[in-house]
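To start, the structure under review is shown below, and the notes come after it.
Reminder, nothing fancy here: chain letters follow the sequence lines and each chain counts from 1.
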Amino acid sequence: MTAATNVFGTRSSRMAVILRLPWLNWKLVLGVGVLILMILMEFVGPVFWDTELARVGSVPTNMVPVWVEADKSLGFKEGSPDYPLGSESNGREMLALVLVATPRSLKVGLIAASLGTITGIILGFAAGFLGGWLDSSIRILSDAWMTIPGLAVLIVIASYVREFDINSMALVIAMFAWPGPTRIIRAQVLSMRERGYVQMAQISGSSVIDIMFKEMMPNLLPYLAATFTSTVSSSILAATGLEILGLGPTRIPTLGMTINNALRASAILRGMWWWWSFPIVMLVTIFMALFLMTIGLDEIANPRLRGIQQ
Amino acid sequence: MGGLSKEYVIKRLGMFLLTVWLGTTVIFIVPRMAPGDPVQAMIGRMLTEGSNVENADQIVEAYRERFGLNDPVHVQYFKYLYNSATFNTGYSLAFFPSRIDDMIARSLPWTIGLLFVALILSFIIGNAVGALLAWRRTPKMIRWLLPISLTFTSIPAYMIGIMLLFFFAFMLDWFPYAGNYARGLNPGWDLEFIGSVIKHAFLPAMSIIMVSMGSWALGMRGMMITTDGEDYMILADAKGLTPMRIFWRYGIRNAILPQITAFGVALGALAGGSVLVEIIFTYPGVGYLLYQGILNSDFTLIQGIVFYVIVGVSIAVLILDLTYPLIDPRITYQRS
């Protein structure tokens, strides 16, 4: 069967073939697109907006967003088109703050999840492929590690290590990001080891490395991507959790730190909704995008979920 | 024959001890890999923050007593393990004469109450929604619930909490902003007090329920669809049993089992997430106490609370693991 033949036996256009590729799942594409836009913010943001305004005291305090009428009795100042999303009580401009903070929050998640997934790949392959005592010790360790409430332990660590930057925070969070990937990859490797094509490769004398990377890896990709995505999500959750507790990086603004500042200044009860809602909107967008990606990847990994198409 | 085999119980107990040991070891080792002396750092921070450091010597002594900082590291470690094993968490640094155990004991009932109610409710509602979704006779209205509740699943509980606080406490003024019961009420089993407690716990509980419901529903839906294809369902239908009986006794009874295992995993995640929910709502549970510890750089308090959280979550998982074979007679765990 040639790839360009559709169900009716007629040759379809090239475009139609591309559209039928499983990786072009709209949920996945949309999720990835949103995240790429957010990462690009770091580079594109400074081009059209003065991100220096995210510093403390760079604009007048307590300005409302430009489309809202300021309630002078609560001490709010009239908004101005120069500062469209208003400002908070420390004189940071909200638009600049969101532009600076969003890519950073995303970055912590990406670094932590990469470290966790790589560790997971190594341990999962080792456990599933080599078996024996190595398998049982890795399995027991990851099972036990999974039960440890990660955020609680992270709080202890972060309260000692106060001088955090983005990278060291990601490193610490990665400590709790590996058991999930390890378990999933181990299970997949175990089931794959028994399949015909892997056994065929073994019989024909391929090396272990060859079998791992040429035979198994391509089939593992959707699972790997799905684990990676959910690990990014849980890492960002942990990172913002620490930041909201005031345990994140203190010098550079992040979304969680902005929410922490808002909570400390009781912005909710003062009616300064723009202070906490813009960071929350960005975080919700990140989580939704990652969630969409997970669903999309799930549909790629389990074609049954897509409904019968072929 | 169902039930617990000896091997299984021993294995689970071993797993429990391993988890607690790993957790306590991590919170011992990692802070020591960080540069600087934590005691000096803390005293320094207290001085710069202008706190009361009158009894600094006592504080340092309490700290050294708890962790034996003058000893070599491996002796420190064994002392620490011994203290942990005997549940000797010592004194708070910032509120010096108070014992950490007492402080936790005071706030624990509020956390357990809030978490327990929220977890049970979300489990029941979520599973009911999920089961109904997989059922052919379910009205269309309910089918809209899954996508909506799934959307909430991807958002952390404290964010829902902030939004609920803004809309229902600030804008509409339906619920109180903070605390566990109205000021001036005497704790007791009278209606006014209980009503006040429920009113205060409503929004925090709602934010946890809204977030955790979706994943239960999704899991239950999948299980029900699988169960629906089983032969015994067709047989039950053919025998002419009422749809209600088939739904409850044949469908839910079989589909709910894996959900109970997932309950244990959910606990760990919830323990972390509820810390933040308590802080948002100034709810005086263990999470809020932990926040006090963080604000005051009270390392012994933080470490003590986290130790109890690790033990508590592990015990809950152990209990679930041990009851699971009792609930599901098909599982005996006799295989090695």
>> What part of B:Phe166 gets within 4.5 angstrom of chain A, counting heavy atoms only: side chain, backbone, both, or neither?
In response: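 Both backbone and side chain of B:Phe166 come within 4.5 Å of chain A.
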>> Counting only non-hydrogen atoms closer than 4.5 Å, does B:Phe16 touch chain A with its backbone (N, CA, C, O), its side chain (CB onward), both, or neither?
In response: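 Looking at B:Phe16, nothing touches chain A.
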Within-4.5 Å side-chain heavy-atom neighbours: [X] and [Y]:
X: A:Leu151; Y: B:Leu276; value: yes
X: B:Leu22; Y: A:Leu141; value: yes
X: A:Val156; Y: B:Phe307; value: no
X: A:Ile155; Y: B:Ile305; value: no
X: A:Arg264; Y: B:Leu295; value: yes

>> As an exercise: rank B:Ile162, B:Val26, B:Ile302, B:Leu18 by heavy-atom pairs under 4.5 Å with chain A and give me the winner.
In response: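 Heavy-atom pair counts peak at B:Ile162.
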Is [X] close to chain B through its backbone or its side chain, or both, or neither, when contacts mean heavy atoms under 4.5 Å?
X: A:Met146; result: neither
X: A:Ser168; result: neither
X: A:Ile259; result: side chain
X: A:Leu263; result: side chain

> Between A:Leu245, A:Leu237, A:Thr294, which residue shows the highest count of heavy-atom pairs closer than 4.5 Å to chain B?
Replying inline: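 Among A:Leu245, A:Leu237, A:Thr294, the one with the most close pairs to chain B is A:Leu245.
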>> Taking every non-hydrogen pair under 4.5 Å, which of A:Trp145, A:Trp273, A:Trp276 racks up the most with chain B?
In response: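 Among A:Trp145, A:Trp273, A:Trp276, the one with the most close pairs to chain B is A:Trp276.
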Of the non-hydrogen atoms in [X] and [Y], which two are nearest, and what is the gap between them?
X: B:Gly23; Y: A:Ile148; value: N-CD1, 3.7 Å
X: A:Gly241; Y: B:Tyr158; value: N-OH, 4.2 Å
X: B:Met15; Y: A:Ile140; value: CE-O, 3.2 Å
X: A:Ala144; Y: B:Thr19; value: O-CG2, 3.4 Å

>> To the closest 0.5 Å, what do you measure between CE (B:Met159) and CG (A:Leu283)?
In response: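 So the CE of B:Met159 and the CG of A:Leu283 are separated by 3.5 Å.
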